[in-house]
Trainee: 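First the structure, then my questions, so here it is.
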Amino acid sequence: MECGSSSCERFKLYDQLELHEFQDRFVVRSVEFPNRGFSINRGDGDIEPLNCDTCFGSATKVSTIYGVAGTIRLVAGVYMLVITSRKEVGNFLGFPVFQVTSMKFVPCDQALKRSTSQEKKDEAYFLTLLKIVETTPGLYYSYQTDITLNLQRRCKFAEGWAAKPLWKQADPRFVWNKNLMVELIEFKLDEFIIPVLQGSFQAVQLKLKESPVQLTLISRRCTRRLGTRLWRRGANLEGDTANFIETEQLVEHEGFKASLLQIRGSIPLLWEQIVDLSYKPHLQIVNHEKSSEVVERHFFDLAQRYGETIAVDLTEKHGEEGQLSAAFAAEMQKLPNARYVPFDFHHVCGSSKFENLQLLYDKISEDFENQGYLLIDPEGNILQEQRGIIRSNCIDCLDRTNVTQSFLAQKSLTKQLQRIGALESDECFTKFNEDYTKFRTLWAEQGDEISLEYAGTHALKGDLVRYGKLTFSGVIKDGMSAITRYYLNNFHDGVRQDAIDLICGLYSINKHGPSPFQLNGFESLSYLPVASALVVGGLTITSLTLQQAGRNAQQFMSSVLWAGVTAGVMAVVKANGRQFCSRPRLCSLR
């Protein structure tokens, strides 16, 4: 049993690649082993592995790339997604981890020239979606180990599993590009297939009385119901929820390894918020005969993977949130092996009483401490396993959830450090100010990254995580983030959702079939860019003036004026009907 050690033979991807362009094909090959690679025919997009006798002459262009994330076949062509730049951000169990800093789709065949006018029109929209995919935030990978598996699951695999190709080791729930890897897998190009994780990877070294401790925070975003904030809510009929994320806090000290897992995910009911240009669209619970089965399937899957689940519901207990929370509580009463804990974060903690989370901890502390954490000694022996999981949710599973998870992680970290000898039994981690600041920054940055992926902005309430209280600048930042979320949710996220659905394989694309687009009202978006420009301009000027508001009353009034202009434009847009937030509807298999 490996448990994170690197002593056995390990599979490794090629990390130095070149992309060669020829008149009739593209060739990807390893710099270290030039005979290892594959070609893509520019006539039909077919893939062919290289062999020792392969010779193509001189390339018209040679580029350095850092990996191939996969390929996708659209209406009129094949496109290959390549990583064009990367940044090393730390290590996972001793192996370097990289963040994707840029990537691009390379058109690999000339089929578009032979396409019909409708196919060219369809392909043009698909290309706009691929451009959006190229800017996907929060993508991470390693050439030497799979980072989609948490440490406890790794320990349960048989000896020798690390010698398998990385894509075979990976947890498919957390492989962002799994649908793009299909053709590479078909041609057994194992050394080129990179399982890419979307989420967050943060690492820092703590000093703790001159005894170094490596602290790593890795969040894995599930692809089963991947999407944007208002376009993906609740669960599907299989029990998969929106914004489901597994977060692992990993501690390494003098050969010891300790791992704590927490999860978050949208309330596992059938519910939605229809984008209608209102600031806070109505929550709608879908009455379905299988609603109870959906909740049961969700928690059965969690029990199989993590053990006994404590569901911490942070939503408000009044209004529409309260109705959704009540429906969730009613379904949870029917489940025998899961505990439901309601905690109205806004009511109890308000905007600044972060310390009141202790009231929540008092409710769950016994179960939380009994669940424990994974602990491995320097010889690789498992001293204890984590026997259960805390599942936290609010409405978005972003801001309130991140504050709560960081609080629970800090409680567990103190116990872990005491157990492995980094702290005395009467010492508390929070008393080490410099290291505690690093810890809070780690969790705040993780929260920002996850929020960018789902909502398009940094997390709200970030100051509660960073400083334990709200600051004036934090209030201003939260206000601007809230307005920006409104704009993105209504004017951008629909198309971004299309891009996500495209790479997740949710569209039926048939070159010889009907157009995948149903243009119901699409032309009505003709003057949307003007409205968008006015809104963005208003938001920008508001942001700039608010930053100076504390210094100058006239500037503050200017900020109010521009906020009013922005709100007025939004109101005019809303008055012209819901079609503004519509998007070209694709034939989807959702």
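Only this structure's heavy atoms are used, side chains among them; waters, hydrogens and symmetry mates stay out.
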Trainee: Has the side chain of Arg220 got a donor or acceptor atom that lies under 3.5 Å from a matching backbone atom of Leu149?
Mentor: yes
Trainee: Please confirm whether the backbone N or O of Pro165 pairs with a side-chain atom of Asp190, one donor and one acceptor, at under 3.5 Å?
Mentor: no
Trainee: Evaluate the side-chain proximity of Glu191 to Phe11: yes if any heavy-atom separation is below 4.5 Å, no if none is.
Mentor: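 Answer yes - side chains close enough.
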Trainee: Knowing that exactly one of Gln169, Lys12, Arg154 qualifies, which makes a side chain to side chain donor-acceptor pair (under 3.5 Å) with Thr145?
Mentor: Arg154
Trainee: Test Tyr306 against Glu246 for side chain to side chain donor-acceptor pair (under 3.5 Å), laying out the working first.
Mentor: CA-CA 11 Å; Tyr306 302 105; Glu246 175 192 273; 2.6 Å; yes
Trainee: Please confirm whether the backbone N or O of Gly239 pairs with a side-chain atom of Arg225, one donor and one acceptor, at under 3.5 Å?
Mentor: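 Pair absent, no side-chain N/O of Arg225 close to backbone of Gly239.
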Trainee: Determine the minimum heavy-atom distance between Ala170 and Val175, stating which atoms define it.
Mentor: CB-CG2, 3.7 Å
Trainee: Is there a donor-acceptor contact under 3.5 Å linking the side chains of Arg86 and Gln99?
Mentor: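 Arg86 vs Gln99: no donor-acceptor pair found between side chains.
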Trainee: From Leu250 CG over to Ile218 CD1, what is the distance, rounded to the nearest 0.5 angstrom?
Mentor: 9.0 Å
Trainee: Asn393 side chain to Ser266 main-chain N or O, any donor-acceptor pair under 3.5 Å?
Mentor: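 Between the backbone of Ser266 and the side chain of Asn393 there is no qualifying donor-acceptor contact (under 3.5 Å).
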Trainee: Can we say Arg264 and Asp399 salt-bridge, meaning some charged N sits less than 4.0 Å from an Asp/Glu carboxylate O?
Mentor: no
Trainee: For Pro268 versus Val295, what's the shortest heavy-atom pair and its separation?
Mentor: O-CG2, 3.2 Å
Trainee: Can a side-chain donor-acceptor contact be found between Thr401 and Ser392 if the only test is distance below 3.5 angstrom?
Mentor: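 Result is no, nothing qualifies.
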Trainee: Could you tell me whether the side chain of Asp171 and the main chain of Arg173 form a donor-acceptor pair under 3.5 Å?
Mentor: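 Side chain of Asp171 to backbone of Arg173, a donor-acceptor pair under 3.5 Å: yes, one is there.
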Trainee: Please check if the side chain of Thr404 supplies one atom and the backbone of Arg400 the other of a donor-acceptor pair under 3.5 Å.
Mentor: yes
Trainee: Can you check whether Thr315 reaches Ile395 side chain to side chain, under 4.5 Å on heavy atoms?
Mentor: yes
Trainee: Measuring from Phe105:CZ to Leu74:CG, what's the distance to the nearest 0.5 Å?
Mentor: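 With rounding to 0.5 Å, CZ (Phe105) is 8.0 Å from CG (Leu74).
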Trainee: Is there a donor-acceptor pair under 3.5 Å between the side chain of Asn243 and the backbone N or O of Arg229?
Mentor: no
Trainee: For Glu183 and Arg73, run salt bridge (charged side-chain N to carboxylate O under 4.0 Å, His left out): C-alpha distance rounded to whole Å, both residues' side-chain angles, the deciding distance at 0.1 Å, then the answer.
Mentor: CA-CA 10 Å; Glu183 288 199 68; Arg73 290 182 179 268; 2.9 Å; yes
Trainee: Donor-acceptor pair, distance only, cut-off 3.5 Å: does the side chain of Glu123 make one with the backbone of Ala76?
Mentor: yes
Trainee: Can you tell me how far CH2 of Trp271 sits from CG of Asn287, rounded to the nearest 0.5 angstrom?
Mentor: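 Rounded to the nearest 0.5 Å, the CG-CH2 separation comes to 15.0 Å.
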Trainee: Is a salt bridge present between Glu238 and Arg297, judged by a nitrogen-to-oxygen distance below 4.0 Å?
Mentor: no
Trainee: Do Ser200 and Gln446 have side-chain N/O donor and acceptor atoms under 3.5 Å apart?
Mentor: no
Trainee: Inspect the surroundings of CZ in Phe22 and state if more than 12 heavy atoms from other residues, nucleotides or ligands are less than 6.0 Å away.
Mentor: yes
Trainee: Flag the pair Thr71 / Leu81 as yes when at least one side-chain heavy-atom distance between them is below 4.5 Å, and no otherwise.
Mentor: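 In short, these two side chains do not touch, never coming nearer than 4.5 Å.
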Trainee: How many angstroms lie between CZ in Phe98 and OG in Ser142, if you round to the nearest 0.5 Å?
Mentor: 7.0 Å
Trainee: Quick check: do Leu502 and Leu130 have side-chain heavy atoms less than 4.5 Å from each other?
Mentor: yes
Trainee: What's the verdict on side chain to side chain contact (heavy atoms under 4.5 Å, CB included) for Phe95 and Ile147, showing C-alpha distance, side-chain angles and the deciding distance?
Mentor: CA-CA 10 Å; Phe95 302 103; Ile147 62 174; over 6 Å; no
Trainee: If we ignore angles and hydrogens, is there a donor and acceptor under 3.5 Å between the side chains of Thr60 and Glu21?
Mentor: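 Side-chain D/A pair, Thr60 to Glu21: absent.
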Trainee: For the side chain to side chain contact (heavy atoms under 4.5 Å, CB included) test, which of Glu272, Gln273, Gln497 pairs with Leu230?
Mentor: Gln273
Trainee: Can Arg233 and Asp396 be counted as an ion pair, charged N to O under 4.0 angstrom?
Mentor: yes
Trainee: Can you see which heavy atom on Gln202 is nearest to which on Leu442, and at what distance?
Mentor: CB-CD1, 3.3 Å
Trainee: Is there a side-chain contact between Leu184 and Val68, using heavy atoms and a 4.5 Å cut-off?
Mentor: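 Yes, close enough: below the 4.5 Å cut-off.
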Trainee: Roughly how far, to the nearest 0.5 Å, is the CG atom of Asp313 from the CZ atom of Phe328?
Mentor: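 Taking CZ in Phe328 and CG in Asp313, the distance rounds to 6.0 Å.
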Trainee: Does Glu453 pair with Arg232 as a salt bridge, N-O distance under 4.0 Å?
Mentor: no
Trainee: Quick one: does Gln304's side chain have a donor or acceptor within less than 3.5 Å of a partner on Asp301's backbone?
Mentor: no
Trainee: Quick one: do Tyr125 and Asp498 satisfy side chain to side chain contact (heavy atoms under 4.5 Å, CB included)? Show the steps, please.
Mentor: CA-CA 10 Å; Tyr125 183 69; Asp498 275 344; 3.2 Å; yes
Trainee: For Arg224, is there an ion pair with Asp240 - N to carboxylate O distance below 4.0 angstrom?
Mentor: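 Yes.
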Trainee: Do Ser102 and Thr84 pair up side chain to side chain, a donor and an acceptor below 3.5 Å, judged on atom types alone?
Mentor: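 The criterion, which ignores hydrogens and geometry beyond distance, is satisfied for Thr84 and Ser102.
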Trainee: Give a yes or no on whether the backbone of Arg391 and the side-chain of Gln405 come within a donor-acceptor separation of less than 3.5 Å.
Mentor: no
Trainee: Report the C-alpha separation of Trp167 and Lys178 in whole Å, then their side-chain angles, then the decisive distance to 0.1 Å, and conclude whether the side chain to side chain contact (heavy atoms under 4.5 Å, CB included) test is met.
Mentor: CA-CA 9 Å; Trp167 69 268; Lys178 65 180 179 181; over 6 Å; no
Trainee: Do other residues, nucleotides or ligands put more than 12 heavy atoms under 6.0 Å from Gln23 CD?
Mentor: no
Trainee: Do we see a donor-acceptor contact under 3.5 Å between the side chains of Thr247 and Gln262?
Mentor: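 Side chains of Thr247 and Gln262: no pair found under 3.5 Å.
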Trainee: Report yes or no: do Glu320 and His282 form a side-chain donor-acceptor pair below 3.5 Å?
Mentor: yes
Trainee: Only one of Ile194, Leu189, Ile193 forms a side chain to side chain contact (heavy atoms under 4.5 Å, CB included) with Met181, so which one is it?
Mentor: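 Looking at Ile194, Leu189, Ile193, the match for Met181 under the side chain to side chain contact (heavy atoms under 4.5 Å, CB included) is Ile193.
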Trainee: Can you give me the closest heavy-atom contact between Met103 and Trp176, atom names plus distance?
Mentor: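 Minimum heavy-atom contact is CE-CH2, 3.9 Å.
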Trainee: Would you give the length of the straight line joining atom CD1 of Ile503 to atom OG1 of Thr136, rounded to the nearest 0.5 angstrom?
Mentor: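 Rounded to the nearest 0.5 Å, the CD1-OG1 separation comes to 5.5 Å.
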Trainee: At their closest point, which heavy atom of Ala235 faces which heavy atom of Thr241, and how far apart are they?
Mentor: CB-CG2, 3.9 Å
Trainee: Yes or no on side chain to side chain contact (heavy atoms under 4.5 Å, CB included) for Val78 and Ile72, after CA distance, side-chain angles and deciding distance?
Mentor: CA-CA 6 Å; Val78 176; Ile72 186 169; over 6 Å; no
Trainee: Give the C-alpha distance, both sets of side-chain angles, the deciding distance and a yes or no for ring-ring contact (aromatic ring centres under 6.0 Å, His included) between Phe38 and Phe187.
Mentor: CA-CA 9 Å; Phe38 61 94; Phe187 288 96; 9.0 Å; no
Trainee: Can you tell me if Thr148 and Arg153 form a side-chain donor-acceptor pair at under 3.5 Å?
Mentor: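 No, because no side-chain N or O of Thr148 sits under 3.5 Å from a partner of the opposite role on Arg153.
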Trainee: Can you give me the closest heavy-atom contact between Ser39 and Arg25, atom names plus distance?
Mentor: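 Smallest heavy-atom distance, with atoms named: OG-NH1, 3.5 Å.
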